[in-house]
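All figures in this text were calculated on a predicted structure; none of them were measured in a lab. In what follows, chains carry the letters A, B, and so on, assigned in the order in which the sequence lines appear, proteins first and then strands, with residues in each chain numbered from 1.
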Amino acid sequence: MGRYLITSALPYINGIKHLGNLAGSMLPADVHARFRRMQGHEVLFICATDEHGTPAELGALEAGLDVRSYCDQQHDLQRDVCARFGLSFDWFGRSSSRQNRELTQHFAERLEEAGLIEERTTPQVYSIDDRRFLPDRYVEGTCPRCGYESARGDQCDNCGALLDPVDLIRPRSKISGSGRLEVRDTTHLFLLQDRMAERIRAWVDAAQEWPPLARSIAYKWLDEGLQPRAITRDLDWGVPVTKNGRPRPGFEDKVFYVWFDAPIEYIAATAEWADATGAEWRRWWLMPEGGDDVTYVQFMGKDNVAFHTVSFPVTLFGSGEPWKLVDRLKALNWVTWYGGKFSTSERRGVFMDQALDLLPADYWRWRLMANAPENADSAFTWSDFQNGVNADLVNVLGNFVNRVVRFGEARFESVVPDGGTPGPLELSLFEELDSHLRALTEHHDAMEFRRAAAETRAIWAAGNQYLQRAAPWSAIGADAPAAACSLRTALNLACLGARVSAPFLPYTARTILDAFGVADRPLRWPTAAAAVLLDELPRGQPVAPLPLLFRRIEDTEIADWSARFGGEE
RNA sequence: GGGCCCGUAGUUCAGCUGGUUAGAACACGCCGCUCAUAACGGUGUAGUCGCAGGUUCGAAUCCUGCCGGGCCUACCA
């Protein structure tokens, strides 16, 4: 058995994430982690909140809290909603942890020893009334090209022009609206990424199995030439800048840039986990200490690819230490919301907590993964969601399990019946399932979620198909043993359908398997031949009554939700 | 501006390195079943594969141009 280190891109601390964030990284990572655990691999699934940066400071300000308390509160909210969504992190850490502070400082100092750090002084917009430096996009003004009045300092949303904050006409702070801005010189640490370009390129060249999206983004950056990149900021909230373990002179009021410390949190969160559980984290992250037999899989949205394929590897390689780098990388596109993006800041779309108020996690998990944005952005619409849930979960899986159980109650006293032997119908079912199982395992292995979902569904559908052909309700009068064999096979098939659905539908799978008295925890991924799998339940074993697994989503609900959340006018 | 991706049945999508009548799911029609949440099964209708050229014995598949949509472009994370 192998060892899998799985990370999901870190959700930013501000606010509970929307379904787009969930579908783009945390959820596919969870499905994969569950699959690998079921296969019996040793899995460490890591996520964390990304807590530093300007938005966190501003969020705290708005909430009337100090930044630490604000992050404490937001972290707890996110951890709770992730847990309720069934995201099975082995550890959900915080980039503001002591461990991350220490590792971030460690990396920076190592990079400096390697000659990859340089102090540079650059002009930066300073807001006198906000008493802070402003990131480019926190400066607003009139676009010099098209005259749009709310252009941001980095780009005009109206005409698309790439801007510098000083280009803006009548610039003002996006935070306070104040126009009292000035340009001040400020000194920052720059990471000389350009010196690592060849190393990174060779590494990307070798990463043949990355998805095209990831490779093309990485190559684009490399082809344009890696630039030295500022890795510190003029902020209060973040990892303090040190030199030889002491506050770095001239940097007392500065911290590391959030994008420098955030990926390091993957490692630090592992250290948090280790400290909390008494485990050892180096065997996951340092090549000589066990990392060389770890398969490291990263999940992220497409916006994050450059940081994972270029920036973070520069940090790791540049340290000169034998850190583990990503082996397999899954980059997803966006789930879109009625022609636009989900937006946390504008509260556009459905958020994880709201989703759970409407329906249990498995409904969302299924639809988001069956329609995962793998090759392109995929649209979330209420009617799609309704249709997908009703057709797949209610009609196919829920109905199949229900009719099998109910028939067993009516005719076999809710016991796995003995008697009868498989005939031609069963043999052809075995053959079909062997092929489905092979394909399904391959799709999970390749992290192709839509295909895996479609194959999972095909297994459920095979159940309804089989039942219809076997028609034990007709056979039972004339040939009781044949009916017994049919029901036994169908009961086992319901179990199998539940088992293979577990990565997508962890709650439902457990509910079904508990009712059938299946005891293995954690669940095993089926590897045996279908002929064996469909006769696993001990004959005579009782089957507990099962309530309906899924309820139909009604048109009236869709109308109501559309009105409440927008979209589908 | 530069780069990348996408445009295939009403809808969401498969179609790898070009090769018999272009596939699936959903929706829709018809038939069947009654164990089941009017769910299930069978079957059928449905596509000039964005447009225009080109290469080829042969292109949805390769090349060029155009149209339409999306994404990335380094100080939001």
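At the phosphate of B:A25, neither OP1 nor OP2 sits under 4.0 Å from any side-chain N or O atom of A:Arg457.
Between A:Val314 and A:Ile200, some side-chain heavy-atom pair lies under the 4.5 Å cut-off.
Taking a pair to require two hydrogen-bonding distances under 3.5 Å in either a Watson-Crick or a G-U wobble arrangement, B:A27 remains unpaired. Taking a pair to require two hydrogen-bonding distances under 3.5 Å in either a Watson-Crick or a G-U wobble arrangement, B:G58 remains unpaired. Checking B:G65 for Watson-Crick or G-U wobble geometry (two distances, each under 3.5 Å) identifies B:C51 as its partner. Pair check for B:G32 finds B:C40; Watson-Crick or G-U wobble, both atom distances under 3.5 Å. Within the shown strands, nothing qualifies as a pairing partner of B:G18 under the Watson-Crick or G-U definition with both distances less than 3.5 Å. Across every strand in view, B:A9 sits unpaired, with no contact that passes the Watson-Crick or G-U test at under 3.5 angstrom. Pairing of B:G1, defined by two Watson-Crick or G-U wobble distances under 3.5 Å, is identified with B:U73.
To the nearest whole angstrom, the two P atoms, one in B:U11 and one in B:A27, are 15 Å apart. Using atom P as the reference point in both B:A14 and B:G53, the two lie 28 Å apart (nearest Å). Taking atom C1' in both B:C62 and B:U17, one finds a spacing of 11 Å when rounded to whole Å. Across B:C26 and B:C71, the matching P atoms stand 31 Å from one another, rounded to whole Å. The P atoms of B:A60 and B:C16 are separated by 12 Å, rounded to the nearest whole Å. B:C57 and B:A52 have their C1' atoms separated by 23 Å, with the value rounded to a whole Å. Using C1' as the reference atom, B:U8 and B:A46 are 13 Å apart when rounded to the nearest Å.
Across B:U12, B:C71, B:C35, the shortest atom-to-atom separation from the side chain of A:Asp384 is found for B:U12. Comparing B:C75, B:A39, B:G41 by their closest approach to the side chain of A:Arg552 singles out B:A39. Taking the side chain of A:Lys302 as heavy atoms from C-beta on, and the options B:A74, B:A77, B:G70, the nearest nucleotide is B:G70. Distance from the side chain of A:Trp473 is smallest to B:C33 among B:C75, B:C33, B:C76. Residue A:Ser474 places its side chain closer to B:U34 than to any other of B:U34, B:C13, B:C75. In this structure, the nucleotide among B:C35, B:A74, B:C13 sitting nearest to the side chain of A:Gln193 is B:A74. Of the candidates B:C76, B:G70, B:C33, B:G70 carries the atom nearest the A:Asp377 side chain, counting heavy atoms from C-beta on. Set against B:A74, B:C40, B:C75, the side chain of A:Thr122 has B:C75 as its closest nucleotide. Side-chain proximity of A:Asp50 to B:A77, B:C71, B:A74: nearest is B:A77. Taking the side chain of A:Arg450 as heavy atoms from C-beta on, and the options B:A74, B:A36, B:U12, the nearest nucleotide is B:U12.
For the pair A:Asn395 CG and B:U34 P, the interatomic distance rounds to 20 Å; values are reported in whole Å. With rounding to whole Å, A:Leu191 atom CG is found 12 Å from B:C75 atom P. As rounded to whole Å, 13 Å separates atom C1' of B:C35 from atom OH of A:Tyr466. Whole-Å rounding puts the A:His188 NE2 to B:C75 P distance at 12 Å. The CG atom of A:Asn402 sits 9 Å away from the C1' atom of B:A39 (whole-angstrom rounding). Protein atom CZ of A:Arg94 is 18 Å distant from nucleotide atom P of B:A77, rounded to whole Å. For the pair A:Asn21 CG and B:A77 P, the computed distance is 15 Å after rounding to whole Å. In this structure, the OH atom of A:Tyr257 is 6 Å from the P atom of B:C76, given to the nearest Å.
Side-chain atoms of A:Gln298 and A:Asn304 form no donor-acceptor pair, as typed in the model, at a separation below 3.5 Å. Side-chain atoms of A:Tyr70 and A:His75 include no donor-acceptor pair closer than 3.5 Å. For the residue pair A:Glu265 and A:Ser95, no side-chain donor N or O sits within less than 3.5 Å of a side-chain acceptor on the partner.
Side-chain atoms of A:Trp221 stay outside donor-acceptor range of the base of B:A74, with no qualifying N/O pair under 3.5 Å.
A:Arg411 comes within 4.0 angstrom of no nucleic acid atom, judged by non-hydrogen atoms across all strands. Heavy atoms of A:Phe550 sit under 4.0 angstrom from at least one base atom. Among the heavy atoms of the strands, none lies under 4.0 Å from A:Tyr219. Residue contacts for A:Asn387: at a heavy-atom cut-off of 4.0 Å it reaches the sugar-phosphate backbone alone, with no base atom in range. Counting any heavy atom pair closer than 4.0 Å across all strands shown, A:Lys220 reaches a base atom. Backbone-only engagement by A:Arg406 is indicated by non-hydrogen atom pairs under 4.0 Å involving sugar-phosphate atoms exclusively. Nucleic acid contact class of A:Asn14 (heavy atoms, under 4.0 Å, all strands): none. No engagement by A:Ile217 is indicated, since no non-hydrogen atom pair under 4.0 Å with the nucleic acid exists. At a threshold of 4.0 angstrom between heavy atoms, the contacts of A:Leu226 include nucleobase atoms, whether or not backbone atoms are also involved. Among the atoms of the strands shown, none is found under 4.0 Å from any heavy atom of A:Leu487. Counting non-hydrogen atoms under 4.0 angstrom, A:Gln465 reaches the backbone sugars and phosphates but no base. Counting non-hydrogen atoms under 4.0 angstrom, A:Ser311 reaches nothing in the nucleic acid. Among the atoms of the strands shown, base atoms are found under 4.0 Å from some heavy atom of A:Gly225.
Annotation for A:Val401 and A:Ile512: closest pair CG2-CD1, 4.0 Å, computed over non-hydrogen atoms. Here the shortest heavy-atom pairing between A:Leu134 and A:Gln124 reads O-NE2, 2.9 Å.
Heavy-atom distances to RNA chain B give each of A:Gln124 and A:Leu548 a nearest nucleotide, and the one nearer the 5′ end belongs to A:Leu548. Comparing A:Arg451 and A:Val258, the nucleotide of RNA chain B nearest to each residue sits closer to the 5' end for A:Arg451.
Judged by a 6.0 Å distance limit and a 45° cone about the ring axis, A:Arg120 is positioned over the six-membered ring of A:Phe190. Because its NZ or CZ atom is both nearer than 6.0 Å to the ring centre of A:Tyr126 and within 45° of the ring axis, A:Arg184 counts as a cation-pi partner of that residue. For the pair A:Arg79 and A:Phe92, the cation-pi test (distance below 6.0 Å, angle within 45°) is failed.
Within 6.0 Å of CD on A:Glu409 lie more than 12 heavy atoms contributed by other residues, nucleotides or ligands.
Stacking here means ring centres nearer than 5.5 Å and ring planes tilted less than 30 degrees, and by that measure A:Phe407 does not stack onto B:C35.
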